[in-house]
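Numbers here simply count residues along the sequence, with the first being 1.
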Amino acid sequence: MPEIVPGRRISGRVAGLFDALHGHFGTRAADELELSFEGIRGDYHAGLTRKSGGREPWYPRGTEMRNERQLSLVAPDELAAIAGGLGIAEVKPEWIGANMNIEGIPLFSMLPPRTLLFFEGGVTLRVDGQNAPCKIAGTALAENAGVADVAGTALDFVRVSKRLRGLVAWVEKPGTVKVGEKVEARVPEQWIYRG
């Protein structure tokens, strides 16, 4: 019989919001985000579907598939840990294309798939899973941080930010999210399947 861990609820707060309405990966600060079933209206990552890439080696690249990566969420304490691991002063959410900075939820990147995030204003997001670090985000971070060795820092980012890079999620219930809102993570019952 597998170990079964009961579900629980954990409270946090929206410390920052960011959008990519300018046609590329990097995000910029916003006071609020209007979310539809496709994600952030007009955002670089919006859509009910997306094209497969390196994260889905089981499909030929460019295969149309469900977009479970509508939003990228990070946590301030984990960004600080990444900065420390890279030996730089800070990592800003917008440098790595994040849409939400959520504070107050311990081990944020370890929230399991199927966790629901209920926002005070009525929006609900469903967590798909961890956002695996990549060299694209690492390069953007290195360039924004002004480091001398951009390529080396990009590679270091992939190693240092493993399990700290945050989460990807999709919109289950649309609406508007504002900076400062309370958010409740409802973590589902968990078990380890060993078959």
Side-chain angles (χ1 to χ4, degrees), residues 12-36 38-47 50 53 55 67-105 108-109 111 117 119 121 123 125 127-171 175-183 185:
R13 188 183 76 83
V14 178
L17 295 171
F18 311 88
D19 62 43
L21 302 178
H22 44 278
H24 63 80
F25 157 82
T27 54
R28 58 187 174 198
D31 294 326
E32 62 183 42
L33 296 178
E34 183 182 346
L35 303 178
S36 72
E38 294 186 355
I40 302 167
R41 294 184 194 277
D43 189 83
Y44 184 75
H45 288 104
R50 67 179 180 88
R55 289 181 168 91
N67 184 9
E68 80 295 3
R69 302 178 57 82
Q70 293 174 341
L71 295 145
S72 169
L73 294 75
V74 296
D77 58 327
E78 294 178 343
L79 294 179
I82 294 169
L86 293 173
I88 60 176
E90 66 179 335
V91 174
K92 292 186 177 184
E94 53 268 45
W95 293 355
I96 57 173
N99 301 115
M100 294 187 177
N101 197 9
I102 306 292
E103 64 183 6
I105 298 177
F108 183 73
S109 290
L111 288 175
L117 300 173
F119 292 82
V123 167
L125 300 182
V127 171
D128 180 72
Q130 285 189 358
N131 194 359
C134 67
K135 288 189 295 185
I136 295 170
T139 300
L141 179 155
E143 289 171 348
N144 280 286
V147 300
D149 182 5
V150 170
T153 300
L155 287 173
D156 287 344
F157 170 76
V158 173
R159 176 183 50 79
V160 168
S161 64
K162 187 173 183 179
R163 297 189 183 95
L164 294 172
R165 172 66 175 87
L167 304 165
V168 289
W170 51 272
V171 178
T176 302
V177 176
K178 297 180 179 179
V179 172
E181 268 190 48
K182 293 177 185 173
V183 58

Asks: Would you mind reporting whether Q70 and I40 have side-chain heavy atoms less than 4.5 Å apart?
Replies: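 No - every pair of side-chain heavy atoms lies 4.5 Å or more apart.
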Asks: Are V183 and R13 packed together at the side-chain level, in the sense that at least one heavy-atom pair is separated by less than 4.5 angstrom?
Replies: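 V183 vs R13: side chains apart.
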Asks: Kindly indicate whether the side chain of S36, heavy atoms from C-beta on, has any atom under 4.5 Å from the side chain of V171.
Replies: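 Side-chain contact under 4.5 Å: no.
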Asks: Kindly write out the residues that satisfy salt bridge (Lys or Arg N to Asp or Glu O under 4.0 Å) with E34, not counting sequence neighbours, or none if the list is empty.
Replies: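 By the salt bridge (Lys or Arg N to Asp or Glu O under 4.0 Å) rule, E34 matches R41.
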Asks: With sequence neighbours left out, what residues match E68 under salt bridge (Lys or Arg N to Asp or Glu O under 4.0 Å)?
Replies: R50
Asks: Identify, with sequence neighbours excluded, every residue that meets side chain to side chain contact (heavy atoms under 4.5 Å, CB included) alongside F108.
Replies: L73, A75, E78, I102, I105, L111, L167
Asks: Suppose we screen for salt bridge (Lys or Arg N to Asp or Glu O under 4.0 Å). Which residues come up paired with R55, at least two apart in sequence or across chains?
Replies: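 Counting only residues at least two positions away or on another chain, R55 forms no salt bridge (Lys or Arg N to Asp or Glu O under 4.0 Å).
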Asks: Mind checking what makes side chain to side chain donor-acceptor pair (under 3.5 Å) contact with R163, not counting sequence neighbours?
Replies: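 With sequence neighbours excluded, R163 shows a side chain to side chain donor-acceptor pair (under 3.5 Å) to no residue whatsoever.
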Asks: Rounded to the nearest 0.5 Å, what's the gap from NZ on K135 to CZ on F157? Could you check?
Replies: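 Result: 13.0 Å between the selected atoms.
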Asks: Side-chain contact, heavy-atom cut-off 4.5 Å: E38 with N67?
Replies: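 No. Closest side-chain heavy atoms not under 4.5 Å.
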Asks: Quick one: does T27's side chain have a donor or acceptor within less than 3.5 Å of a partner on N99's backbone?
Replies: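 Such a contact is absent between T27 side chain and N99 backbone.
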Asks: Which atom pairs, donor and acceptor, lie under 3.5 Å between side-chain atoms of residues 88-96 and protein residues at least two apart or in another chain?
Replies:
none

Asks: Quick check: closest heavy atoms across A185 and L117, and the distance to 0.1 Å?
Replies: CB-CD2, 3.6 Å
Asks: Taking only residues two or more places apart in sequence, or in another chain, which ones meet K162 in a side chain to side chain contact (heavy atoms under 4.5 Å, CB included)?
Replies: none
Asks: Locate the shortest heavy-atom distance separating P133 from V158; write the atom from each residue and the value.
Replies: CG-O, 3.4 Å
Asks: Which pair of heavy atoms, one from L164 and one from A81, lies closest together, and at what distance?
Replies: CD1-CB, 4.1 Å
Asks: Which donor-acceptor pairs under 3.5 Å do the side chains of residues 144-153 make with protein atoms, sequence neighbours left out?
Replies:
| from | atom 1 | to | atom 2 | distance (Å) |
| --- | --- | --- | --- | --- |
| N144 | ND2 | A140 | O | 2.8 |
| D149 | OD1 | G152 | N | 2.9 |
| T153 | OG1 | D149 | O | 2.9 |

Asks: For V74 and R165: C-alpha separation, side-chain torsions, deciding distance, then whether side-chain contact (heavy atoms from CB on, under 4.5 Å) applies.
Replies: CA-CA 7 Å; V74 296; R165 172 66 175 87; 4.2 Å; yes
Asks: Report the residues that fulfil side chain to side chain contact (heavy atoms under 4.5 Å, CB included) with V123, sequence neighbours left out, ordered by chain and then residue number.
Replies: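 Per chain and number, V123 pairs via side chain to side chain contact (heavy atoms under 4.5 Å, CB included) with L35, F119, L125, V177.
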Asks: Search all heavy atoms of G166 against all heavy atoms of S109 and return the closest pair with its distance.
Replies: N-OG, 2.8 Å
Asks: List for me each residue that meets salt bridge (Lys or Arg N to Asp or Glu O under 4.0 Å) alongside D19, sequence neighbours excluded, and say none if there are none.
Replies: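 With neighbours one apart ignored, the set is R28.
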Asks: Can you give me the closest heavy-atom contact between V179 and A30, atom names plus distance?
Replies: CG2-O, 3.6 Å
Asks: OG of S72 to CZ of F25: how many Å apart, nearest 0.5 Å?
Replies: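 It comes to 7.5 Å.
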Asks: For atom CG of L21, decide whether the heavy atoms of other residues, nucleotides or ligands shown that lie under 6.0 angstrom number more than 12.
Replies: yes
